[in-house]
2 protein chains.
Amino acid sequence: MKLPRYIEIAKELEEKILNNTYKKNERLPAERILAEEYNVTRVTIRNAIEHLVLKGFLEKKVGSGNYVKKNTLNLNISEQLSFSEKSHFLKQTPRTDVIEFKEISGDAKLMEIFNCDSNEVFFFIKRVRYLDNTPVNLENTYLPKSLFPNLTKDIMKGSKYDFVEKTLSIKESYNKITPILPNEELSQLFNLTSCEPIFYKTSIGISKKDIPFEYSELYFNPNIYEFTFTSKR
Amino acid sequence: MKLPRYIEIAKELEEKILNNTYKKNERLPAERILAEEYNVTRVTIRNAIEHLVLKGFLEKKVGSGNYVKKNTLNLNISEQLSFSEKSHFLKQTPRTDVIEFKEISGDAKLMEIFNCDSNEVFFFIKRVRYLDNTPVNLENTYLPKSLFPNLTKDIMKGSKYDFVEKTLSIKESYNKITPILPNEELSQLFNLTSCEPIFYKTSIGISKKDIPFEYSELYFNPNIYEFTFTSKR
DNA sequence: AAGTGGTCTAGACCACCAA
DNA sequence: TGGTGGTCTAGACCACTTC
């Protein structure tokens, strides 16, 4: 599995941001300098930097330089960051609790998503993620047992995608965000006082063989997550 | 105001998509072909195409080609498209109603956003946008009178940004999306039956001189807008 | 096997920002 | 004014799909 050079460089730069070699709000070395350092052209460096801008690590300033984004307390729903990556960036301690782990048969919705009949069995896993003991989100995951026969509760205490990628290659996922009113369980978990709506994201994971391998529902704690973005021009 | 060549090319390609020279789901000419047609290198064509992918007009398929995205009925909140652009793409007739147009004095929130005292006067404009007579969103705009002394109700029936850009250059805008429960006015306007939450976006516009020139609030009709995205890898 | 987009080299000139 | 990112040229090889 040979990764493009610009992805490798992006990972090395990310590591240097995480371990504070490049500090918050500081300017990165100029693109021409980095190109020399890594023995590539500026195009390759610019690809790596663009990658990190999309991940929310860097910010560009024309005529000035590329800067390490200052730490935002809130998590941003639109960023494509894994939970553990973000918590490392925020210097907070992550924890995942598996609330429920059971086998279920598919309802109409699952049968449609996974294009299967009613004999298919699914793992249903309900998890809550914490940062420094504050619940940040609640996730329901549905995984077909036929694809992941060896799944256990212990595995789901760790990274779901690390496990999934031992079995198959992920191609992409289809996501949809909807505003919903939290039920009693969510209100209590997130300590919501009034009747305030929250963000809810559904996600269908597709493997490189074009087979759906996952359906998940994610509920965001509105006190932690916000959804902001800056648009230019 | 000389635009980069890739932006010019993106506009020409967009025009060809809108007037059906390149049809829905059809493949665009290969990047090498386009490069020859426009007398530029492939890098420039790729920049133009990337631009149109971000605007939601095109879709890439490795080893196959770049395709015109099929028409989606719903508007997508995450796309950076202007209202008139999107309605043209959807082949629906847009209309803007100015519901309210008045002068107000700033409250604490406006005074903080615009960094001004209580003497500053603002235009408050409430508008509803329609596609084929279906209300798609409701917008409240706050503009400082000192910046736009000549603003009239008639002007606001047209494009807000066309007007603003006659006075100043826009640098960027800060946006935040929140889920809220609609009030009675919104429920009736969007014909919402139950107690369903909707998306609400606030936006602060900043000029190239780093002066805030606009604050706006946008309420989305949940029957029209959806918020979906595909993430790779 | 031919054609496609993905990545990359080795340069160049420009507009913008800071000192 | 010197340095920065933004844009662009004119090529090349690769991995992938199948026009």
Side-chain angles (χ1 to χ4, degrees), chain A residues 1-13 22 25-54 57-69 169-172 206-210 230 232-233, chain B residues 1-13 22-54 57-69 169-172 206-210 230 232-233:
Chain A
M1 182 79 142
K2 192 177 177 311
L3 289 173
R5 188 81 182 102
Y6 79 91
I7 296 279
E8 283 176 14
I9 293 175
K11 282 188 176 167
E12 291 184 43
L13 292 175
Y22 299 138
N25 272 324
E26 250 186 34
R27 219 196 60 200
L28 239 59
E31 296 176 352
R32 289 165 180 82
I33 306 295
L34 286 173
E36 207 173 326
E37 249 177 52
Y38 285 98
N39 265 308
V40 295
T41 54
R42 228 182 112 207
V43 176
T44 307
I45 292 293
R46 281 176 62 77
N47 260 328
I49 285 175
E50 185 56 30
H51 195 73
L52 290 177
V53 168
L54 290 176
F57 282 104
L58 296 178
E59 208 167 11
K60 293 165 168 233
K61 288 186 186 168
V62 183
S64 171
N66 302 308
Y67 292 78
V68 178
K69 247 195 177 176
S169 292
I170 300 174
K171 181 186 178 193
E172 60 191 3
I206 308 287
S207 76
K208 289 216 166 145
K209 288 177 181 166
D210 278 322
T230 304
K232 307 276 177 189
R233 251 172 273 177
Chain B
M1 185 79 142
K2 190 177 178 312
L3 288 174
R5 188 82 181 101
Y6 79 92
I7 296 281
E8 284 176 12
I9 294 174
K11 282 187 177 170
E12 291 183 44
L13 293 175
Y22 299 139
K23 293 177 184 55
K24 308 275 148 58
N25 272 324
E26 248 185 36
R27 217 195 63 201
L28 239 60
E31 296 176 353
R32 289 166 180 81
I33 306 294
L34 285 173
E36 207 173 327
E37 250 177 51
Y38 285 97
N39 265 309
V40 294
T41 54
R42 227 181 111 207
V43 177
T44 306
I45 291 293
R46 282 178 61 79
N47 260 328
I49 286 175
E50 185 55 32
H51 194 73
L52 291 176
V53 168
L54 290 177
F57 282 105
L58 296 178
E59 207 167 13
K60 296 168 167 231
K61 287 186 188 167
V62 182
S64 170
N66 301 308
Y67 291 78
V68 179
K69 246 194 176 176
S169 293
I170 299 173
K171 182 187 177 190
E172 58 190 5
I206 308 288
S207 76
K208 288 217 168 146
K209 289 177 182 166
D210 279 321
T230 304
K232 307 276 176 188
R233 250 170 270 176

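Values below: all heavy atoms of this structure, side chains included; hydrogens, waters and symmetry mates excluded. All chains are named by letter (A, B, ...) in the order of the sequence lines, taking the proteins before the strands, and each is independently numbered beginning at 1.
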Subject >> Side chain proximity check, A:Ile49 to A:Leu34, heavy atoms < 4.5 angstrom >> reply: yes

Original post:
Roughly how many Å is it from CD in B:Glu59 to C1' in D:dC19, rounded to a whole number?
Top reply: 16 Å

Subject >> N/O (side chain, B:Asn66) to phosphate O (OP1/OP2, C:dG5) under 4.0 Å >> reply: yes

**OP:** Quick one: list whatever passes side-chain contact (heavy atoms from CB on, under 4.5 Å) with A:Asp210, sequence neighbours left out.
**Re:** A:Lys171, A:Ile206

**OP:** Classify every nucleotide of nucleotides 11-19 of chain C by which part a protein heavy atom approaches to under 4.0 Å, writing B for the base, S for the sugar-phosphate alone and - for neither, in 5'-to-3' order.
**Re:** -BB--BS--

Subject >> A:Lys11 side chain reached by A:Leu3 side chain, heavy atoms, under 4.5 Å >> reply: yes

Original post:
Excluding sequence neighbours, so at least two apart, what forms salt bridge (charged side-chain N to carboxylate O under 4.0 Å, His left out) with A:Glu8?
Top reply: A:Arg5

**OP:** Take atom NZ of B:Lys60 and atom P of C:dG3, then tell me their distance rounded to the nearest Å.
**Re:** 21 Å

Original post:
Pick the nucleotide of DNA chain C nearest each of A:Arg5 and B:Ile33; which residue has the one closer to the 5' end?
Top reply: B:Ile33

Subject >> A:Tyr38 OH to C:dT9 P, straight-line distance once rounded to whole Å >> reply: 14 Å

Original post:
Side chains of A:Val43 and B:Val43: does their closest heavy-atom pair fall under 4.5 Å?
Top reply: no

Original post:
Do A:Val68 and A:Asn25 have side chains that get closer than 4.5 Å, going by heavy atoms?
Top reply: no

Subject >> Set of residues satisfying salt bridge (charged side-chain N to carboxylate O under 4.0 Å, His left out) with respect to B:Glu37, sequence neighbours excluded >> reply: none

**OP:** Please determine if a side-chain N or O atom of A:Arg46 lies less than 4.0 Å away from the OP1 or OP2 oxygen of D:dG5.
**Re:** no

**OP:** Measure the distance from CD on A:Glu26 to P on D:dT4 and round it to the nearest whole Å.
**Re:** 15 Å

**OP:** Indicate yes or no: at least one non-hydrogen side-chain atom of B:Leu13 is less than 4.5 angstrom from one of B:Tyr38.
**Re:** yes

Original post:
Please give, in whole Å, the distance from D:dT7 P to B:Ile9 CD1?
Top reply: 13 Å

**OP:** Report the end-to-end axis angle of the helix from C:dA1-D:dT18 to C:dA18-D:dT1; each axis comes from five terminal pairs, and the value is rounded to 10°.
**Re:** 10°

Original post:
Just how far, in rounded Å, is C1' of D:dG6 from CD of B:Glu50?
Top reply: 15 Å

Original post:
Separation of A:Glu31 atom CD from D:dT7 atom P, in whole Å?
Top reply: 11 Å

Original post:
Can you name the residues that form a salt bridge (charged side-chain N to carboxylate O under 4.0 Å, His left out) with A:Glu50, not counting sequence neighbours?
Top reply: A:Lys60

**OP:** Measure from OH on A:Tyr6 to C1' on C:dG6 and round the result to the nearest Å.
**Re:** 8 Å

Original post:
For D:dT7, does either OP1 or OP2 sit under 4.0 Å from a side-chain N or O belonging to B:Thr44?
Top reply: no

